[in-house]
Amino acid sequence: MRAAITVNNLNKKFGDLLVIDKLNLNIEAGSITSILAPSGAGKTTLLRIISGLEKPTSGTIKLNGERVSEPNPDIGFMFQESSAFPWLTVRKNIEFGLDLKTNRRRVKREELEDKVVQICRELNIDRFLDFYPSQLSGGQKQRVVIARSLILKPKVILCDEPFSALDELTRADLRGVLLELHRHYSPTILFITHSVEEAVFLGDYLFICSGPPLRVIEEMKINLPATRKPALVDDEAFIEQKAKAKRTLAKIRQGEETNNV
Amino acid sequence: MSTLFWGVLVVLLTLYLLIQIVNDTLWGKKKFFSFFDVLRPSERAAYITGSFLFVLSLWSLISSARIVEPEYLPTPADTVKALWVSFASGELITNMAISLARVAVGFALASLIGITSGSIAGTFPRFGSLILPLNSAVRYIPPTAFIGLTIIWFGIGETSKIALIFLAIVFYVNQMVADTVALVPKTYIEAAQVLGAKRWEVFYKVVLSMSVPDLLAVLRINLGAAWTFLIVAELVAAQKGLGYLMAVSQRFLQTPKLFAMIFVVGVLGFVSDTFLAFAISRYSKWK
């Protein structure tokens, strides 16, 4: 396995609260890895440290062997709430990253327009190029954020429950979109979620964690076909793996309750 | 005759408004008090015209019926006549140009410094801690308290008037801009950082860009104060300007001319305010 992200002996403390304790992880290049954990376990903190938005107390994060110490466009980030800039049109939102000094060489100016239109077509938002985010639905806004990140061709995309505020149908829709884009652009995706179904549906790997401090309790390799259609959720193999993940999660919750007593 | 005309107009306009309100509150037929309603342009224009017409009619009624003596309240016709005389002699234009220049320079300087300092202070809390408490301490000093000081420092020439306008608003702009930019959600700042934006780019392309409509709103409020302190400065010590014309008119009991000058200041303020209101709506399309 070639690791895209290597988390080495990572520690993070907020005051007296130990959120991450000696965590070691290897995320396979080009894979989708889901992280499933109860609320407040420290998974968002982990993602923020990997992206460079948060400094670890100790330990290192490496992207393809190079140490990550600050945010950089090779690591895209999808936040829980939409981060589409409300004062820019869809087109300007997507061009935002390319207009920055660091990214000028990523796409030639004369190709920019075509690239923006192309990626919007893939995400089915090409009708809204001159719309503002306030005129779009929650799902469409998240598509804009995906496009804005993908156009920079990041090596990694970190997803912090990006679909949690959306309705079930839109969520299912966006899962399909994410898988499709992954097939096309093949970035490494680290996907945090509360939803067992989402974690199993999207992941090549599934890390089930407890915390704080964040700890990997079980690492599962998801054995499902590479092409995943919505009907997969009724498949026996899917149901079985989902049940297994649920059992582990229940054990974690039980353990937490026992500890609390 | 004219008294009767204005009297009827005042009664009709008042009745129309009362009917609208009663209709709405008692019978719920009209939507006079419906929350944040979007008005048709024609309806909005009718209300604006109506309110101006009401004030004009009431003024005409009171002055032409001599409810108040003309030395205290001239008729609109006398006021317009005084305005015309002042305009025809060239006196109005010269003095208006001087006042406009004073407001423009004082307001522009205060806006430039207030927005620069306020936006940095609101974005970077360490800089904010250096600047804002100090700014608040000075902000609570009534600007008129600076009049004596500006005259001692800068004499009675242009500089002291500009300095008073500047001092009257710069501390308010600074604080209000700092409060405005501090409201930019952190998610947008971090989203820009992960896309590769450097510190300056985040400040310029996110913090300032998102705040444009609110910054214009801050300027709009403070422009009103700039006009106020221009007149204060010109009433106290000036040889030219609209405030100076007001002071002279008052000294010689030329009430119509005094009214005319007040009217001119009102119109200039209204025009500049409308311009900024237009700019705000132009930059708020995304909201």
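Chain letters run A, B, ... following the sequence lines, proteins first, then strands; residues in each count from 1. All of these numbers come straight from a predicted model, not from anything done at the bench.
Open room surrounds OH on B:Tyr204; 12 or fewer heavy atoms of other groups in view lie less than 6.0 Å from it. Residue B:Phe263 places its CZ atom among 12 or fewer non-hydrogen atoms of other residues, nucleotides or ligands, all under 6.0 Å distant. At most 12 non-hydrogen atoms from other residues, nucleotides or ligands lie less than 6.0 angstrom from CZ of B:Phe275. Remark: B:Lys287 NZ is packed, more than 12 non-hydrogen atoms of other residues, nucleotides or ligands lying under 6.0 Å away. Around the CZ atom of A:Arg183, the shell of radius 6.0 Å holds more than 12 heavy atoms that belong to other residues, nucleotides or ligands. In the displayed structure, B:Phe54 atom CZ is contacted under 6.0 Å by more than 12 heavy atoms of other residues, nucleotides or ligands. Heavy atoms from other residues, nucleotides or ligands lying under 6.0 Å from NZ of A:Lys55 number more than 12. At most 12 non-hydrogen atoms from other residues, nucleotides or ligands lie less than 6.0 angstrom from CZ of B:Phe278.
Across all non-hydrogen atoms, the minimal contact from B:Tyr188 to A:Ser82 is CE2-O, 4.2 Å. Nearest approach of A:Arg148 to B:Ala191, heavy atoms of both residues: NH2-CB, 3.7 Å. The shortest heavy-atom contact between B:Leu195 and A:Leu100 is O-CD1, 3.6 Å. Closest heavy-atom contact between A:Tyr132 and B:Trp286: CD2-CB, 3.3 Å. When every heavy atom of B:Lys205 is checked against every heavy atom of A:Phe96, the shortest pair comes out as CB-CE1, 3.8 Å.
Residue B:Gln193 touches chain A through both its backbone and its side chain, counting heavy-atom pairs closer than 4.5 Å. With a 4.5 angstrom heavy-atom cutoff, A:Asp74 does not touch chain B via any of its atoms. Using a 4.5 Å cut-off between heavy atoms, B:Val212 does not touch chain A at all. In this structure, the portion of A:Ile75 lying under 4.5 Å from any heavy atom of chain B is its backbone and not its side chain. For A:Glu70, the part lying under 4.5 angstrom from a heavy atom of chain B is the side chain only.
When atom types are taken as modelled, the side chain of A:Ser83 and the backbone of B:Thr187 share no donor-acceptor pair closer than 3.5 angstrom.
Between chain B and the residues A:Pro154, A:Ser149, A:Gly76, A:Pro86, the largest count of heavy-atom pairs under 4.5 Å involves A:Pro86.
Side chains of B:Glu190 and A:Phe77 form no contact here, defined as non-hydrogen atoms less than 4.5 Å apart.
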